[in-house]
Each structure stands twice: as structure tokens, then as C-alpha cells.
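When a residue number appears, it is its place in the shown sequence, counting from 1. Since the structure is predicted, the reported quantities are computational estimates derived from the model, not experimental observations.
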Amino acid sequence: MGSGGDGKAGKAGRAGRAGDADGREHVRVAVIGSGFGGLGAAVRLRREGITDFVVLERADSVGGTWRDNSYPGCACDVPSHLYSFSFAPNPDWPRTFSGQPAIREYLEHVADTFGLRPHIRLRHEVRMMRWDERELRWEIETSAGDLTADVVVSATGPLSDPKMPDIPGLADFPGKVFHSARWDHDYDLRGKRVAMIGTGASAIQIVPAIAPDVERLTLFQRTPPWVMPRTDRAISAVERWLHRQLPFTRAARRGALWGIRELQVSAFTKHPGRLGLVESLAKANMARSIKDPELRAKLTPSYRIGCKRILLSSEYYPALARPDVDVVASGLREVRGSVLVAADGTEAEVDAIILGTGFHVTDMPIADRVVGADGRTLAEAWKDGMQALRGATAAGFPNWMTIIGPNTGLGNSSMILMIESQLNYMADYLRQLSVLDGGGARGRTALAVRPSAVNHWNRQVQARMERTVWNTGGCTSWYLDAQGRNTTVWPGTTGEFRKETRNVDLSEYEVVRRREPVHAAAAAVPAPAEAVAKASAKAPAEEGAA
């Protein structure tokens with residue numbers, strides 16, 4: 001694996017960069033995070049001819065969620081050839097569904113292949129970002145120094161900050177406690193009595209991976225998931241050779257995987273009743289391994305399949321059928337010393353607790369660290385629910401955009417497809433800014449998305465959401481925010497989203513110009529897009545919204 005972006009390569013990347021009046025480094029674009037979204041943004045910036053950028057990463061290596069989640073059994077539930085960048089195909093995926101080590105290695109490879117190391121600043125956690133309305137730039141405070149940027153691209157991702165449950169007595173538990181995304185590899189689970197809290201995507205991989213080694217495993221299940229078989233296998237040497245020598249075979253494989261999933265979308269978004277057949281297949285999958293009627297009743301969901309994330313595993317149910325594994329069909333209520341007490345009164349004495357309790361998805365902590373034009377944080381602006389135009393730009397936060405923003409998640413396909421669509425939007429955003437700047441001096445112009453455009457977009461998304469299985473399936477999922485609104489998932493196909501994010505519509509934005517001294521303004525030559533900017537500023541509030 002490559003080394004850091006804060007060593008010699010990082011210094012080389014800083015050479016020749018401009019500074020501001022306070023001596024701080026200034027860059028055209030600051031990217032936050034180095035997972036799929038952040039590295040993808042960096043590659044796209046270079047392809048657009050923009051090299052004046054940095055990638056700020058709080059950890060000591062790239063990889064995002066695929067760096068942080070290293071628990072036993074960690075793997076992707078999207079086929080490998082679809083879970084990769086279209087511009088960086090990998091003919092050598094080892095399995096049809098790749099494990100965490102292979103995906104992390106792929107991201108390190110992307111960083112090296114596309115020359116991203118000089119731009120990456122490791123151990124640079126963003127503590128605060130403030131919009132400077134006078135200078136039209138972002139002031140960024142990090143754990144390793146401050147800088148300014150014309151544009152910020154936030155690619156922290158929704159699965160980056162673990163959610164720790166507020167359970168009475170948990171802080172006083174005498175044994176070991178850790179979250180699945182912060183796995184303690186120094187702690188030996190062998191021979192221990194272990195409690196697994198939660199039954200999400202991480203838990204169903206962890207349970208079969210650790211069950212053979214622990215003395216006893218107790219699974220605290222608040223809501224049972226629907227689980228389909230995971231048809232994983234090793235990709236043969238012949239297949240890999242074909243994909244290397246005949247790239248069209250690799251493209252055909254990816255295209256087929258994409259097409260199948262596009263055809264499935266309408267069942268999730270328009271006709272949830274069609275998911276009944278899938279539900280029958282999931283029940284048959286359970287019946288093959290779970291023979292005990294009482295245990296089968298505990299594991300059978302009461303909501304429509306697809307309402308919560310459909311999980312893939314061929315090992316989960318066999319693990320639960322083991323005599324040394326207990327399923328408590330109730331959430332954890334409290335901890336009394338080393339005894340865990342469920343909501344139904346069931347007790348279990350354990351040595352270690354593994355928390356599979358998810359992430360801050362609809363209340364991302366980064367939102368508390370972004371201060372916009374009116375002095376409000378993004379968290380304050382989103383207190384009634386996240387919303388952003390085309391999942392990218394938020395009202396009140398000029399020259400700021402997010403990758404994997406509100407309503408860009410998927411229920412059945414690859415998030416890389418959505419990321420690449422947002423990268424298209426980011427690229428055109430920066431092109432528009434360059435034209436408005438006159439193609440010369442940078443940072444003289446900002447684009448501020450109109451609140452009316454954001455509201456109109458959000459109303460359209462929420463209207464489409466009403467028919468979806470995520471809203472009608474009878475469950476409570478992490479897709480929903482505190483107000484019960486689905487601010488997470490995209491209610492359409494990836495092809496539709498690609499079309500919606502192909503170009504920036506300037507009528508959806510207000511063009512903000514930096515005030516120049518009177519003598520300078522008098523001598524200035526109007527930018528080529530001045531007429532476009534004026535037309536944009538005069539556009540009716542609702543007409544330009546998509």
C-alpha cells in the first residue's frame with residue numbers, strides 16, 4: 001500500500017500554491033474525506049485540469065468506510081464489477097462479492113494510479129468550515145493547520161460516524177465494548193461470552209464469522225431483517241484473464257449487473273406489491289437452515305421486504321441455528337454490571353459487547369462543522385430534515401457541495417453509480433464558476449443555490465417517495481429521519497439520477513460576485529458569462545427549479 005499524503009509527496013503538492021493575506025495556504029478546491037467519494041472527486045478534478053486542490057482526511061490512510069470497517073467477515077453486498085469506478089475498472093477482483101481487504105486495496109490502487117498522493121493530507125481532521133462572504137471563500141480549520149478554499153466538496157459519507165446507543169449502565173460494563181466500525185483487533189474473542197447488539201448489514205456478517213470461536217454468542221435483535229442468499233464465489237483465473245485481455249467482456253459483465261438492478265427499481269419505488277415473490281424466496285432461505293419453529297418465528301419480519309435494507313448472507317441463518325448461539329427477540333434495555341437485560345426481561349451475562357448500532361446517517365456530525373453565509377451551521381439549516389438540490393448543494397452554503405448527499409442512497413444497486421453522477425455535477429459546477437470568473441483570476445464569483453430550487457426539488461423527491469416500499473412497507477429504518485421523512489434514498493433509477501445531474505442549471509443559482517474597489521470595478525472587463533449571470537439573477541424563483 002502507498003504511504004501517506006503528508007510526507008514528501010504532500011509537500012510537493014503544496015509547492016507553488018498561493019496563500020492568502022494571512023499567510024494561510026489557499027486552494028481552488030478542498031475535498032473532505034478519502035473514501036470512494038473523495039478519491040473519485042480528486043480523480044475528476046485532475047481530469048478537468050484542476051490540480052490546485054487538497055483532499056483532507058482525518059485518518060492516517062485513505063479508504064473511508066472500507067478502512068474503518070475491518071470486522072471479521074466484512075464484505076460488500078454489491079457485485080465487485082459494479083462496485084468500482086467506471087474509469088478505474090479492476091479485472092482482478094478475487095470474488096464476485098469482494099471482501100473489505102480487496103476493496104481497500106482497490107482504493108489505495110486508485111490513489112496511486114491517478115497520482116493523488118501529493119494532494120492527500122492525512123491526519124487533517126476538519127474542525128470547522130466558515131464561509132467568508134467578503135472574500136467569497138471557505139475558511140477551513142483542521143487539526144493540522146488552517147487553509148482557505150474557493151470551493152468545498154464534502155465527501156465524508158453517511159457511514160463514517162458510528163452511532164453509540166444510550167443504554168443505562170453501558171458505561172459501567174466491566175468487560176470490553178466496541179462498535180463494529182471500530183473493531184478492536186487486539187481483543188481476543190476466543191472463549192468469551194459475547195453479545196452482538198443489532199441485526200443490520202454488519203451484524204449478519206460478524207455473527208457467522210465469530211460464532212465458531214466464542215464460548216457463547218447472544219444476539220439482541222430489535223427487528224429481524226429479511227435475508228437473501230449471497231451467491232458469492234471465487235472469480236476464476238480464466239475469467240480474470242478474459243477481463244484483462246478483452247476489456248469488452250468486463251464492460252459487458254458490468255452492464256448486465258447494472259441493467260438487472262435498473263429493472264428491479266420499479267418494484268421498490270412504484271409497485272411494492274411485486275416484492276411478494278422475493279419475500280417468499282427469503283422465507284424459503286430461512287426455512288432451509290432454521291428448523292426450530294420458535295426460532296423461525298423470532299426471525300420472520302412483520303414488514304414488507306425492501307422496507308429496510310435487504311441483507312445478503314448464506315451463513316447467517318446456519319450460525320443462528322448453532323446450539324451455542326442465542327437469539328433474544330428484543331432490544332437491549334439496560335446493563336447491570338456484566339449482565340445485559342433485554343426489553344422483554346431476558347438476561348445474559350457476557351464478557352464483551354459488540355455494537356452493530358449503525359451510523360449517524362440523517363444527522364451527520366460534519367453538519368455541525370459547516371457555517372454558512374448567514375452564520376448558521378448546516379445542522380441548524382437541516383434541523384427539520386436534510387435537503388439539497390440534486391443531492392449536492394444546500395441553500396445558504398455557497399460554493400459548497402456534498403457527495404452522497406440527501407436522497408442519493410440506493411436500496412438495490414451500487415452507490416458508485418450515484419457518486420459518479422454527482423462528480424459529473426461537480427465538474428460542471430466548477431466549469432460554470434470558471435466561466436463566470438472570466439477564465440482568469442479565481443475566487444471572484446460564487447454560486448449560491450436558490451432556496452426555491454432546493455425546496456422544489458425536495459418536494460418532487462418526497463412526492464415520489466410516498467409510493468415507495470421504504471415509506472409504505474410498515475417498518476422504521478435508518479432511511480428515515482427524526483421527523484419520519486425519508487431523506488436518505490433516491491426514489492428512482494441510477495439512469496434517471498445521471499440525467500438529472502448531467503449539467504448545472506444556472507437558473508437554479510444566484511451568482512454572487514466579490515465586491516471590488518471602485519477604481520478596479522470601473523476598469524474591469526465584463527466576464528463572458530455576464531449576461532448569463534444577470535439572467536440567472538433575474539430568473540423567477542420557481543421556474544428554474546427542477
Tell me yes or no: between the side chains of [X] and [Y], is some donor less than 3.5 Å from an acceptor?
X: Asp150; Y: His26; value: yes
X: His124; Y: Ser143; value: no
X: Tyr509; Y: Thr393; value: yes
X: Asn90; Y: Ser84; value: no
X: Asn455; Y: Arg450; value: no
X: Asp232; Y: Thr96; value: yes
X: Arg498; Y: Ser421; value: yes
X: Thr148; Y: Glu25; value: no
X: Arg104; Y: Ser61; value: yes
X: Glu420; Y: Ser86; value: yes
X: Ser34; Y: Glu57; value: yes
X: Ser154; Y: Thr402; value: no
X: Asp363; Y: His360; value: yes

Nearest heavy atoms of [X] and [Y], plus distance in Å:
X: Leu430; Y: Val29; result: CD2-CG2, 4.0 Å
X: Leu56; Y: Ile140; result: CD1-CG2, 4.0 Å
X: Gln205; Y: Gly73; result: OE1-O, 3.4 Å

Assess whether a salt bridge exists between [X] and [Y], defined as any Lys/Arg side-chain N lying under 4.0 Å from an Asp/Glu carboxylate O.
X: Asp437; Y: Arg28; answer: yes
X: Arg514; Y: Glu133; answer: no
X: Glu141; Y: Arg369; answer: no
X: Glu496; Y: Arg464; answer: yes
X: Asp161; Y: Arg182; answer: no
X: Glu239; Y: Arg233; answer: yes

What pairs of residues pass the salt bridge (charged side-chain N to carboxylate O under 4.0 Å, His left out) test when at least one of them lies in residues 70-88, not counting sequence neighbours?
Asp77-Arg309
Polar side-chain atom of Thr357 near backbone of Lys163 as donor-acceptor pair, under 3.5 Å:
yes
Using a 3.5 Å distance criterion without hydrogens, assess whether the side chain of Glu125 forms a donor-acceptor pair with backbone atoms of Ala59.
no
State yes or no: are the ring centers of Tyr106 and Trp93 separated by less than 6.0 Å?
yes
Examine His81 together with Phe97 and report whether their ring centres are nearer than 6.0 Å.
no
Does His179 form a ring-ring contact (aromatic ring centres under 6.0 Å, His included) with Phe359? I'd like the steps, not just the answer.
CA-CA 10 Å; His179 193 280; Phe359 300 85; 5.6 Å; yes
Could you give me the CA-CA distance, side-chain angles and deciding distance for Phe85 and Phe36, then say whether ring-ring contact (aromatic ring centres under 6.0 Å, His included) is met?
CA-CA 9 Å; Phe85 290 121; Phe36 267 100; 5.3 Å; yes
Might you work through the salt bridge (charged side-chain N to carboxylate O under 4.0 Å, His left out) test for Glu108 and Arg117, ending with a clear yes or no?
CA-CA 10 Å; Glu108 295 277 2; Arg117 298 289 180 187; 2.6 Å; yes
Describe, in one word, how the ring planes of Trp138 and Phe397 are oriented to each other, choosing from parallel (under 30°), tilted (30 to 60°) and perpendicular (over 60°).
parallel
